[in-house]
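The structure appears below as structure tokens.
The structure presented is a predicted model; accordingly, all values stated were derived computationally and were not measured. In what follows, chains carry the letters A, B, and so on, assigned in the order in which the sequence lines appear, proteins first and then strands, with residues in each chain numbered from 1.
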Amino acid sequence: MKGNAIKYDKDNIDTDVILPGTYLKLHDYDELAKHAMEGLDPDFHSKVKDGDYIVAGRNFGCGSSREHAPIALSYSGIKAVLALSFARIFYRNAVDGAFLLPIEIDEDAYKSISNGDQLEISVEKNTIKNLTKNKDYKMKPFSELIGKIIVAGGLFKYKP
Amino acid sequence: MPQTLFEKIWDSHVVVESDNSPSIIYIDRHLVHEVTSPQAFEELRLNKRRVRRPDLTIATMDHNVPTSDRSLPIVDQISEVQIKTLEKNCQDFGIQLFDIKSPYQGIVHVIGPQLGITLPGTTIVCGDSHTSTHGAFGALAFGIGTSEVEHVLATQTIRMEKPKPFEIKVVGKRKNPHAITAKDIILSIIRHIGTNGGTGTVIEYRGEAISDLTMEQRMTICNMSIEAGSRAGLVAPDEKTFDYLRGRKFTPKNYDDLVSQWQETLYTDSNASFAKIFTIDVSNIAPQVSWGTNPAMVCDVTESVPFPEEYAKGNEDQRKAAEKALQYMSLKAGTKMTEIEIDRVFIGSCTNSRIEDLIEASKVIKGKNVSSKVRAMVVPGSQMVKKQAEEMGLDKIFKDANFEWRESGCSMCLGMNPGILAPGERCASTSNRNFEGRQGTGGRTHLVSPVMAAAAAIKGHFVDVREMDLN
């Protein structure tokens, strides 16, 4: 899985900036995608490319339980969010609907990755390769439940 | 083995659990609203599934409903579609709905306890992060996303990894309990433990300062557990809890038997251990006001807007965050909090829209007028709260002071219905989130208690409400 990093050097990126409340009325996922990250980065929609990754600090996705947040990112083309930590509801929403991978990274990886770096992620090996900087990072492995839901392709496809 | 209250509730709801597989937890009550449910119902239809327990599922509309005149049609057609969709879904799947015309309509976390749907020792979920509110009754209650809503509708269970118990001990006696409110206690807690201090845990609020609180005040505390990262927060039930729920619309018929059972089981064993402990003494806390863009960026009303370096205590990320927050909030470090002028006041939301909140706020404004520079509104949490307040004449006090007196709903808490801030407007708000754009693009939110909001409405800037006569 290869893509470019869109980096926000910021903690506490909340669901209200990921998908502002006014768009919670929309049902069309492609329409939601047009407003992804609008509260933080109004240019996001014009610059994001299919397969990109978001890189951010601690407590990504804090706030509301709106699944519209990972949906908007997913339909923008974001395949994974790499963050120092995640708020739990966002984390589960991302995985349950198979919208994107919430990947926990460490401080070294966070500091090292720059905006625009090309990354290659291997969930099987728990590794992230920075192809631009020729560096390897570890990602925190998924817990058993989360790993199984991811492999199955979402909560409803997971059969224990 | 000694257990915490949370662990007891968890264990009594486990459907399947083994050492190396995640748990399946039974859900006793599922609350549904218009915003996070449409996709879940749509998927049920596509997969030809039914709602497993419509009798344990209850719906209302709160996020998206206008809080202006209800006799008028809804102007926003997209909103109307969302509201109509919930009506149809409830009809098709046999779910009880308190719609926009119902005397029981209101914010889902306000009506749950008011109707006696929220009960001690139960598991409660809702597609809303502030479901933690119901923990005030000793329930394990947490917010879920739409996929999980669908899962609960279809199976009445949820798959979950077990969170860890977190004890927050709240000690001391508040000197002026009318001025220093539950909101000030929870804002102080979040200020200390941070927005992710509770991540992965269920908080149990304990101690004399919690026992002292009324049920509605405990709801304010549990409501904001999610702002500290905890999906759930709870308080062990006591006589106040049992009294509050007695004789309500859905209170079970064998209530006294249930109370006896709860008294025997619903408490944390004396030598149970918590994964994390935090203690706070509230005997000397001041009214709290948020200055930044998350609910941990809070200070005393007697303080000044902090300098980013001072706030960060050497942490570079925190310094940058504070700088950015001040820029967004258009505040200069060193400005006295009491010198910050406001444009709007919002008294409402699932945090602070209950009858006691309105009573306390009305004491501040009685016989006074809202500053000519301020537009202020009161949005009761439910039609039941509104009715009770009107019977007490509170509506008159608010209206006489030039407050708008609205219909019930989430209103200006989340910027999705017509109640929003204009860009650049500054609001003293009794809600729960001061995120950028939360109450409308470019809007600036300061989180405060209802009495602090009321005082700010009159003066046009923040004031230390302890200086006002609240008795």
Side-chain angles (χ1 to χ4, degrees), chain A residues 9-18 20-29 31 38-40 42 57-71 84-99 107 110 143-149 154-156 158 160, chain B residues 16 20-22 35-36 38-39 42-43 47 63-64 76 78-79 81-82 85 126-131 142-151 154 159-161 163 194-196 199-200 226-227 229-231 293-294 296 317-318 320-321 324 414-416 420 433 435-441:
Chain A
D9 195 359
K10 195 174 187 305
D11 295 338
N12 293 311
I13 293 177
D14 59 75
T15 49
D16 278 273
V17 299
I18 298 171
T22 184
Y23 305 118
L24 294 178
K25 299 166 212 170
L26 302 175
H27 291 279
D28 182 331
Y29 289 178
E31 282 298 310
E38 194 173 286
L40 180 66
R58 285 174 198 82
N59 205 25
F60 187 90
C62 59
S64 153
S65 69
R66 60 188 72 162
E67 207 157 298
H68 308 69
I71 290 171
L84 289 172
S85 67
F86 289 89
R88 302 323 289 178
I89 306 183
F90 177 90
Y91 189 89
R92 272 304 294 266
N93 284 346
V95 170
D96 283 342
F99 297 119
E107 287 277 355
Y110 179 53
S143 71
E144 197 186 333
L145 170 64
I146 298 301
K148 283 178 175 170
I149 296 175
L155 183 61
F156 273 85
Y158 164 50
Chain B
V16 177
N20 42 18
S21 104
V35 176
T36 54
Q39 194 62 34
E42 208 168 297
E43 287 291 322
N47 292 297
H63 282 64
N64 203 355
D76 181 346
I78 310 174
S79 292
V81 169
Q82 199 167 58
T85 303
C126 172
D128 188 276
S129 60
H130 292 109
T131 307
F142 47 88
I144 55 177
T146 300
S147 295
E148 285 175 311
V149 168
E150 183 191 347
H151 195 276
R159 273 184 194 285
M160 216 176 158
E161 287 159 324
T195 51
N196 57 357
T199 304
I226 184 66
E227 309 320 327
S230 292
R231 279 177 83 166
T293 51
N294 73 50
D317 293 341
Q318 293 268 45
K320 278 192 291 189
K324 204 168 168 291
L414 86 163
M416 91 165 283
I420 55 168
R433 291 188 175 135
F435 297 149
E436 289 184 24
R438 167 78 177 181
Q439 294 189 294
T441 310

Portion of [X] that has a non-hydrogen atom of chain B nearer than 4.5 angstrom:
X	answer
Phe86(A)	backbone
Ile149(A)	neither
Arg88(A)	both
Thr15(A)	neither

Within the 4.5 Å heavy-atom criterion, are [X] and [Y] side-chain neighbours or not?
X	Y	value
Ile13(A)	Phe60(A)	yes
His130(B)	Glu227(B)	yes
Asn196(B)	Ser85(A)	yes
Lys10(A)	Lys324(B)	yes
Ser65(A)	Phe142(B)	no

Less than 4.0 Å between a side-chain N and a carboxylate O, is that true for Glu107(A) and Arg58(A)?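 Answer for the salt bridge query: yes.
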(request) Identify whether the distance between the nearest side-chain nitrogen and carboxylate oxygen of Asp14(A) and Arg433(B) falls below 4.0 Å. (result)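 Result for this pair is no, no salt bridge flagged.
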Option in [options] with maximal non-hydrogen atom pairs under 4.5 Å from chain A:
options	answer
Thr36(B), Asn64(B), Val149(B), Thr441(B)	Asn64(B)
Pro38(B), Ser230(B), Gly440(B), Ala154(B)	Pro38(B)
Thr195(B), Asn294(B), Ile420(B), Ile78(B)	Thr195(B)
Glu436(B), Lys320(B), Arg231(B)	Arg231(B)

Out of [options], which one racks up the most heavy-atom pairs below 4.5 Å with chain B?
options	value
Gly57(A), Gly63(A), Pro70(A), Gly39(A)	Gly63(A)
Tyr23(A), Tyr91(A), Tyr29(A)	Tyr29(A)
Ser64(A), Pro20(A), Gly154(A)	Ser64(A)
Thr22(A), Leu40(A), Asn59(A), Asp9(A)	Asn59(A)
Ile71(A), Asp11(A), Asn12(A), Val17(A)	Asn12(A)

Region of [X] in contact with chain A, defined by heavy-atom distances below 4.5 Å:
X	answer
Asn47(B)	neither
Glu150(B)	both
Ile144(B)	backbone

At what distance, to the nearest 0.5 angstrom, does CD1 of Ile89(A) lie from CG of Asp96(A)?
->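 Here the rounded value is 11.5 Å.
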Margin query: Taking side-chain hydrogen bond (donor to acceptor under 3.5 Å, both in side chains) as the definition, give me every residue that meets it alongside Asp16(A), ordered by chain and number, with sequence neighbours left out.
Written below: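 Here the qualifying residues are Arg66(A), Arg438(B).
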Which residues pass the ring pair (Phe, Tyr, Trp, His ring centres under 6.0 Å) test with Phe156(A), sequence neighbours left out?
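With sequence neighbours excluded, Phe156(A) shows a ring pair (Phe, Tyr, Trp, His ring centres under 6.0 Å) to His151(B), given in chain and number order.
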